[in-house]
Amino acid sequence: MKDKVILVGVSGGIAAYKAAGLCSALVKEGAEVHVIMTESAMKFVTPLTFQSLVKKPVVTDIFTEPDPAEISHIALADKADLMVVAPATANVIAKAACGLADDMLTTTLLATRAPVLFAPAMNVNMYNNPIVQENLSRLRSRGYLTAEPGEGPLACGYTGKGRLPEPEELVEIIREFFARSQDMKGLNVLVTAGGTRERIDPVRYLTNDSSGKMGFALAEAAARRGANVTLVVGNTAVTPPSNVKVVRAESALDMYREVMERLRGQDVVIKAAAVSDYRPSETAGQKIKKTEDRMTLELVRNPDILAEVGARKSPGQVIVGFAAETTEVEANATDKLLRKNADLIVANDVSREGAGFGVDTNIVSFIRQDQPLRQLPQMSKRDVAEAILNEILTIRKDRV
Ligand code: PMT
């Protein structure tokens, strides 16, 4: 874990003492560990315990800013490779699930773009309470990681599920997380995301509902797994990840140019963008005035970027396209796979709830030549991204 920055958030449960063991073990593994404690956590263990173990000041108050040059919760949030909340109480889980930010820990949780692992620890009946379970699944559906609590005698006298995993078990989960995170090291990956805008006049355009979330999740995950990522971005509703090179492209023609310019040297190309198939044949220089009762807009075909990338595919390159379908998903996606010479088509039935445009989850199937279709359940876009990257690595391995 050398060079890794791990932010440990400690909330107020009796298992807070075990977080000290976790911090000590992470430091021994070579990680740079920073600790944030909630007020309740300090009732169980003192900040001095953690400070002595991690050799860094422990942050407990959002309004104490020791360095005037930076804002603590943003600086910590930005530098983390991973944030671990251990123990995660029912209270902190609920606050995170609702996006509340009323102390240093929950504010940093909202601000960080790093992956977050929650390690719940509480009384068995609290853990089994449907409200806590709902909050945990809400967090999971948004891509947060959760560790399974251990079973056994609990501090409250009950026996059951709710124990914080032992520090060594948590270290193993974190070690596995980082091991997976370097399996794309050195690969050049180009991802497209968002929708294109096809200008009608200076104030009007044709576009679609793509938010960029699917492409961003892919770019972010690939970068976290060690790849050099270039993200060609159209119009999006969310901010692109900070750990990748971002190239802006407004229209399909812009995106075509930016992708083609960067195609050579890419090991993987993933086309998650929703590209307009047509554009107005002319873009008016001035705002079009209303005159007649009817108006006809002539459209011409845009280049098919994926098909062009497929036609120019170099040996070893893996080309991945998406298929946004509403009917005959498998047949249409298979047709795209063959016609565009892709290695993998990720088909999403965008008519289904929880899939496709704008939402944080997706329901996809993988279509490859000479392979049976693989249907995935509804997952967060972050988890879908990890599954796509795993499939890409399998395709590369199958070729050797
Ligand atoms: O951005 P989000 O809100 O998270 O939503 C994600 C998504 C629904 C946009 C995404 O999952 C998705 O399905 N992207 C592809 C949408 C699309 O354009 O599908 P298509 O079936 O029309 O195109 C098939 C493939 O060809 C796509 O990889 C597309 O990028 C590519 N294409 C299409 C037309 C064109 N002129 N050039 C292309 O490269």
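Just follow the structure's listing: the first ligand is 1, and inside any ligand the first atom is 1.
Aromatic ring centres of Tyr17 and Phe44 lie farther apart than the 6.0 Å criterion allows.
Residues Leu393 and Ile395 have side chains not in contact (no heavy-atom distance under 4.5 Å, counting atoms from C-beta outward). Between Ile36 and Thr60, the closest side-chain pair of non-hydrogen atoms is not below 4.5 Å. Taking 4.5 Å as the limit, every side-chain heavy atom of Val244 sits out of range of all side-chain heavy atoms of Phe216.
Scanning the protein heavy atoms around atom 23 (O) of ligand 1, the nearest turns out to be Phe322 O, 3.9 Å. The protein heavy atom nearest to atom 2 (P) of ligand 1 is Ser211 OG, 3.3 Å. Protein heavy atom in closest approach to atom 30 (O) of ligand 1: Ala273 O, 2.7 Å. Ranking the protein heavy atoms by distance from atom 37 (N) of ligand 1 puts Ile305 N, 3.1 Å first. At the shortest separation from atom 34 (C) of ligand 1 among protein heavy atoms lies Asp277 OD1, 3.2 Å. Nearest protein heavy-atom contact of atom 26 (O) of ligand 1 is Lys340 NZ, 3.0 Å. Looking only at protein heavy atoms, the nearest one to atom 28 (O) of ligand 1 is Lys271 O, 2.7 Å.
Val232 and Val189 fall into different hydrophobic clusters, where Ile, Leu, Val, Met, Phe, Trp and Tyr side chains are chained together by heavy-atom contacts under 4.5 Å. Hydrophobic clustering, with ILVMFWY side chains joined whenever heavy atoms are under 4.5 angstrom apart, groups Leu170 together with Leu82. Neither Val350 nor Val346 shares a network with the other; the hydrophobic side chains, linked directly or stepwise wherever heavy atoms of I, L, V, M, F, W or Y lie under 4.5 Å apart, form separate groups for each. There is a path of hydrophobic side-chain contacts, each under 4.5 Å, that joins Val27 to Leu117.
Between Lys381 and ligand 1 there is a heavy-atom distance shorter than 4.0 Å. Residue Glu308 places every heavy atom at 4.0 Å or more from ligand 1. Taking 4.0 Å as the cut-off, Ala272 counts as a neighbour of ligand 1 on heavy-atom distance. Within the 4.0 Å heavy-atom shell around ligand 1 one finds Pro303.
For ligand 1, the polar-atom distance check finds an N/O of Met214 within less than 3.5 Å of one of the ligand's N/O atoms. Between Val350 and ligand 1, no N or O atom pair is found at a separation short of 3.5 Å. On a distance-only criterion, Thr192 and ligand 1 share no N/O pair closer than 3.5 Å. By the 3.5 Å distance cut-off applied to N or O atoms, Gly321 is not counted among the residues near ligand 1. Considering backbone and side-chain N/O of Ala323, none are found under 3.5 Å from N/O of ligand 1. Close N/O approach between Gly194 and ligand 1 is not found [any backbone or side-chain N/O within under 3.5 Å]. Annotation: Asn302 places no N or O atom under 3.5 Å from an N or O atom of ligand 1; distance criterion only.
Contacts of Ala324 with ligand 1, taken as heavy-atom pairs under 4.0 Å, involve both backbone and side chain. Only the side chain of Asn348 comes within 4.0 Å of ligand 1, judged by heavy-atom distances.
Using modelled atom types, one finds no donor on one side chain facing an acceptor on the other under 3.5 Å when comparing Asn188 with Gln266. Side-chain contact of Asn348 with Asn362: a donor-acceptor pair under 3.5 Å is present, judged by distance alone. Thr196 and Glu198 are linked by a side-chain donor-acceptor pair at a separation below 3.5 angstrom, with hydrogens and angles left out of the test. For the residue pair Arg312 / Asn341, no side-chain donor-acceptor distance below 3.5 Å is found, with atom types taken as modelled.
Numbered from 1 in the order shown, with element, the atoms of ligand 1 that lie under 4.0 Å from a heavy atom of Gly358 read 2 (P), 3 (O). Using a 4.0 Å cut-off to heavy atoms of Gly212, the atoms of ligand 1 that qualify are 1 (O), 2 (P), 3 (O). Close approach of ligand 1 to Leu306 (heavy-atom distance below 4.0 Å) involves ligand atoms 25 (C), 26 (O), 28 (O), 31 (C), 38 (C), 39 (O). Residue Gly356 has at least one heavy-atom neighbour below 4.0 Å for each of these atoms of ligand 1: 5 (O), 8 (C). Residue contact check: Lys213 has heavy atoms under 4.0 Å from atoms 1 (O), 2 (P), 4 (O) of ligand 1. Using a 4.0 Å cut-off to heavy atoms of Lys336, the atoms of ligand 1 that qualify are 20 (P), 21 (O), 24 (C).
Nearest residue to atom 1 (O) of ligand 1 from Ser276, Gly215, Ala274, Ser210 is Ser210 (criterion: closest heavy atom).
Paired with Lys95 under the rule side-chain hydrogen bond (donor to acceptor under 3.5 Å, both in side chains), one option of Thr89, Asp102, Thr106 passes, and it is Asp102. Each of Asp254, Asn235, Asn208, Thr207 was checked for a side-chain hydrogen bond (donor to acceptor under 3.5 Å, both in side chains) with Arg197, and the lone residue meeting it is Asn235.
Heavy atoms from other residues, nucleotides or ligands lying under 6.0 Å from NZ of Lys28 number 12 at most.
Checked for salt-bridge contact, Asp343 and Arg368 miss the test: no charged N lies under 4.0 Å from a carboxylate O.
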